[in-house]
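Keep in mind that what you see is a predicted model, and the values were worked out from it rather than measured. A, B, ... follow the sequence lines: proteins, then strands. Residue 1 opens every chain.
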Amino acid sequence: MSDEHKTVESDTSRHFLKQWIAEDVAAGKTGGQVVTRFPPEPNGYIHIGHAKAICIDFGMAQEFGGQCNLRMDDTNPSKESDEYAESIKQDIRWLGFDWGDGFYSAANLFDKMYEIAENLIGRGQAYVCDLTQEQWKEYRGIPTAPGKESPTRDRAPAENLALFRRMKAGEFADGTLCLRAKIDMSSPNIHFRDPVIYRIMHVPHYHAGDTWCIYPMYDFAHPIEDAYEGVTHSMCTLEFEVHRPLYDWVIDRMDEMGLLVVRNGVKIRPQQREFARLNLSYTVMSKRKLLQLVQEKRVDGWDDPRMPTVCGLRRRGYTPEAIRDFCERIGVSKYESQTDVALLEYCLRDDLNKRALRRMAVLDPVKVVIDNYPEGRTEYAEAQNNPDDPAAGTRQVPFGRELLIEREDFMEVPAKKFFRVTPGQEVRLRAACFFTCTHVVKDAAGAVTEIHGTYDPDSKGGNASDGRKVKGTIHWVSAAHAVPLTVRLYDRLFTVSDPMGDETRDFLTFLNPESLKTVTAFAEPAVAEALPGQTVQFERVGYFCADTRESVPGKPVFNRTVTLKDSWTKETKK
RNA sequence: UGCCUCAUGGUGUAACGGUAGCACAGCAGACUCUGAAUCUGCUUGUUAAGGUUCGAAUCCUUAUGAGGCAACCA
């Protein structure tokens with residue numbers, strides 16, 4: 001990763017996770033290597049919120065010269081698939097992170113987990129419970145009142161073991177029996193009230209096949225996975241905070257069984273800490289809500305450019321650098337905040353400004369006729385591909401008597417401080433010449449159909465030899481050479497900053513009906529050469545990305561990635 | 001009405017007992033062959049009340065507000 005994307009920070013400005021890890025390193029708790037992990041469940045596509053977690057997990061490992069594993073936390077086969085697992089890998093690689101040979105799957109540890117479970121039974125720390133789920137719910141109690149013990153809680157270990165083996169052998173139906181840790185039914189922490197650690201589930205596993213019909217629960221599996229991988233720092237989101245005592249309980253049991261990894265003579269005791277998940281304005285982040293948008297066809301699939309999914313952002317034209325920069329800037333804390341999507345857009349523009357080639361395209365055209373320019377003649381204006389980067393070179397843009405310019409760049413009666421085309425006001429046609437409007441032609445309804453004017457032959461290239469200045473420069477396209485292209489103008493998916501914030505209204509009622517507008521635009525010929533996935537800047541308009549799905553040579557389709565900042569529209573609203 | 005966590009400008013974060021800073025957003029201006037970018041300047045903040053201290057955003061107490069926990073999900 002390049003340094004220029006790192007935000008400046010002082011030595012003392014370190015978020016709490018960084019400080020935590022630094023202290024452990026100093027105290028020699030890591031055995032010489034910090035190991036973290038990103039543990040997605042392969043049951044859906046990852047989104048910008050996951051990207052934050054990925055940047056933290058991989059970022060902390062990088063910062064401390066350690067290793068970050070990618071682990072599929074696949075303990076519930078009813079929801080998981082290889083397709084999801086592959087998409088997750090692809091998205092993480094695209095974001096720019098590398099897990100090296102640290103790829104793991106919880107399923108690879110099923111044997112060991114089972115062994116630990118039997119061990120727990122033998123030690124009288126787990127038992128097979130035959131309460132129905134309804135009974136269990138009743139026995140467990142509620143947060144404000146203690147639970148009561150299962151009638152089978154004190155069954156003899158030998159009996160429990162026999163039962164558990166029969167569970168494994170497939171002798172029981174789903175939900176009839178389960179294995180529970182024997183902890184404390186009166187604990188104020190519900191997760192300590194003899195949590196279920198194994199359930200019967202006659203479902204084949206996408207990765208482990210049909211070897212198992214019992215599967216471990218998250219609270220049991222996760223610390224075991226961390227421990228076996230030698231993970232030193234296990235970072236997750238806030239909702240797991242109340243699970244931490246249980247995580248530590250499992251680690252303690254493993255310690256007693258002598259199962260903790262020893263690295264360079266140091267016993268690695270994984271520790272969990274929690275940080276606030278990302279909330280972004282004008283979108284939703286829950287997997288369930290995103291799934292709903294897809295299933296109800298409110299959007300065009302998981303990779304719809306309006307979606308906050310990584311694949312959606314990618315298709316929209318976002319860059320990994322911009323996303324990483326964003327994740328760096330939002331910081332890490334335990335406060336459940338809502339980050340303004342404007343910051344994400346800032347990071348995007350900042351990155352694209354440096355690298356996107358400049359092109360000219362007119363989204364809402366009106367014809368311009370240069371009356372003193374010869375009919376049928378074509379000249380070429382040499383335009384810079386990126387004014388901030390001379391190395392990007394130049395291109396030749398065809399110019400002729402008839403041009404197309406942006407409708408909003410003309411005002412018959414100019415507003416105050418309007419520097420664009422208006423009768424009698426000289427403007428610059430970007431990279432070409434000066435132009436002055438003389439008169440307009442209108443249709444029966446009074447709409448302008450043609451703007452007539454003259455150019456100054458002495459201003460070819462964009463500057464007059466007498467050195468006079470013009471206040472406005474506009475983009476244009478030669479009518480005779482214009483390439484039509486389909487442009488999708490994307491806007492925020494929701495009309496309100498927090499679509500989930502109103503409990504009385506469904507979030508769908510806040511969908512922005514104008515989140516997608518499709519128009520036919522006209523561009524200079526070079527635009528047609530853009531490769532799918534390539535982002536260019538349509539000067540004065542915004543950044544646009546050739547769609548990876550539907551753009552084909554000869555029939556280009558562009559997605560608006562993000563607009564340019566626009567201080568003129570603000571001016572007009574005053 | 002149990003347990004856990006959190007609270008700094010509009011937003012997000014920093015300050016770890018010693019001058020409340022940075023970024024985004026906003027506003028004003030300079031510059032400009034993109035009304036972009038760049039540059040300058042500005043507005044706005046420690047939830048409240050007590051306490052400890054020479055000194056509190058920071059430590060303590062209480063209150064208030066927000067979030068989490070009652071899947072055989074993760």
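- Taking the C1' atoms as reference points, B:U46 lies 11 Å from B:A15, given to the whole Å.
- Across all strands shown, B:C73 has no partner, as no Watson-Crick or G-U wobble contact with both distances under 3.5 Å is found.
- Atom CZ of A:R355 is separated from atom P of B:A36 by 22 Å (rounded to the nearest Å).
- When the C1' atom is used for both B:U43 and B:G10, the distance is 12 Å, rounded to whole Å.
- With the nearest nucleotide of RNA chain B identified for both A:L238 and A:R428, A:R428 has the one nearer the 5' end.
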Side chain to side chain contact (heavy atoms under 4.5 Å, CB included) assessment of A:I56 paired with A:L17: CA-CA 9 Å; A:I56 292 171; A:L17 293 175; 3.9 Å; yes
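- One atom, CG of A:D226, and another, P of B:A74, lie 14 Å apart when rounded to the nearest Å.
- A centroid separation of less than 6.0 Å is found between the aromatic rings of A:F544 and A:F538.
- Remark: the A:R420 side chain and the B:G35 base include a donor-acceptor N/O pair separated by less than 3.5 Å.
- Residue-environment remark: CZ (A:R277) stays at or below the threshold of 12 foreign heavy atoms within 6.0 Å.
- Candidate nucleotides B:A23, B:C72, B:G26 were compared by shortest atom distance to the side chain of A:K565, and B:G26 ranks first.
- A:Q133 comes within contact range of at least one nucleobase, with a heavy-atom separation under 4.0 Å.
- Between A:K417 and B:G35 there is no side-chain N or O to OP1 or OP2 distance below 4.0 Å.
- Using C1' as the reference atom, B:G26 and B:U64 are 30 Å apart when rounded to the nearest Å.
- Residue-level contact check: A:P387 touches the bases, meaning some heavy atom is under 4.0 Å from a base atom.
- Taking 4.0 angstrom as the limit, A:R540 places a side-chain polar atom (N or O) nearer than this to OP1 or OP2 of B:G35.
- Rounded to an integer number of Å, the gap from A:Y346 OH to B:A25 P is 7 Å.
- Here the P atom of nucleotide B:C22 and the CG atom of A:D325 are 19 Å apart, to the nearest Å.
- Between A:R140 and B:A71 there is a side-chain polar atom (N or O) within less than 4.0 angstrom of OP1 or OP2.
- In this model, no side-chain donor or acceptor of A:H475 finds a partner on the base of B:A36 within 3.5 Å.
- No engagement by A:N43 is indicated, since no non-hydrogen atom pair under 4.0 Å with the nucleic acid exists.
- Distance from the side chain of A:P143 is smallest for B:G2 among the nucleotides B:C73, B:G2, B:U13.
- OP1 and OP2 of B:U5 both lie 4.0 Å or more from every side-chain N or O belonging to A:R273.
- Summarising the geometry, the separation between CG on A:L343 and P on B:C22 is reported as 17 Å, rounded to the nearest angstrom.
- Using a 4.0 Å cut-off, no side-chain N or O of A:S333 falls inside it from OP1 or OP2 of B:G12.
- Per the geometry, CZ belonging to A:F240 stands 18 Å off P belonging to B:U5, to the nearest Å.
- A centroid separation of less than 6.0 Å is found between the aromatic rings of A:Y84 and A:Y45.
- A:K79 comes within 4.0 angstrom of a nucleotide base, judged by non-hydrogen atoms across all strands.
- The phosphate of B:U13 has OP1 or OP2 within less than 4.0 Å of a side-chain N or O from A:S337.
- Here A:N189 lies out of heavy-atom contact (under 4.0 Å) with every strand.
- Along RNA chain B, the nucleotide closest to A:V196 and the one closest to A:A432 are compared, and the more 5′ of them pairs with A:A432.
- Rounded to an integer number of Å, the gap from NE2 of A:H47 to C1' of B:A74 is 12 Å.
- Annotation: A:K334, atom NZ; neighbour count of heavy atoms from other residues, nucleotides and ligands within 6.0 Å is above 12.
- Between B:A36 and A:S567, a contact under 4.0 Å exists linking OP1 or OP2 to a side-chain N or O.
- Rounded to whole Å, the separation between the C1' atoms of B:A56 and B:G35 comes to 48 Å.
- Spacing between B:C22 and B:U61 at atom P, rounded to whole Å, works out to 33 Å.
- B:U52 and B:U58 are spaced 13 Å apart, taking the C1' atom of each and rounding to whole Å.
- Geometrically, A:R180 engages A:W136 in a cation-pi contact, judged by NZ or CZ lying under 6.0 Å from the ring centre and within 45° of the ring axis.
- A close approach under 4.0 Å does not occur between any side-chain nitrogen or oxygen of A:T339 and OP1 or OP2 of B:U11.
- Between A:R199 and B:C73 there is a side-chain N or O to OP1 or OP2 distance below 4.0 Å.
- Between A:Y218 and A:F240, the ring planes are tilted. Angles from 30° to 60° get that label.
- The separation of B:G21 from B:A28, taken at their P atoms, amounts to 24 Å, rounded to a whole angstrom.
- The gap from the C1' atom of B:A63 to that of B:C6 amounts to 16 Å, rounded to the nearest Å.
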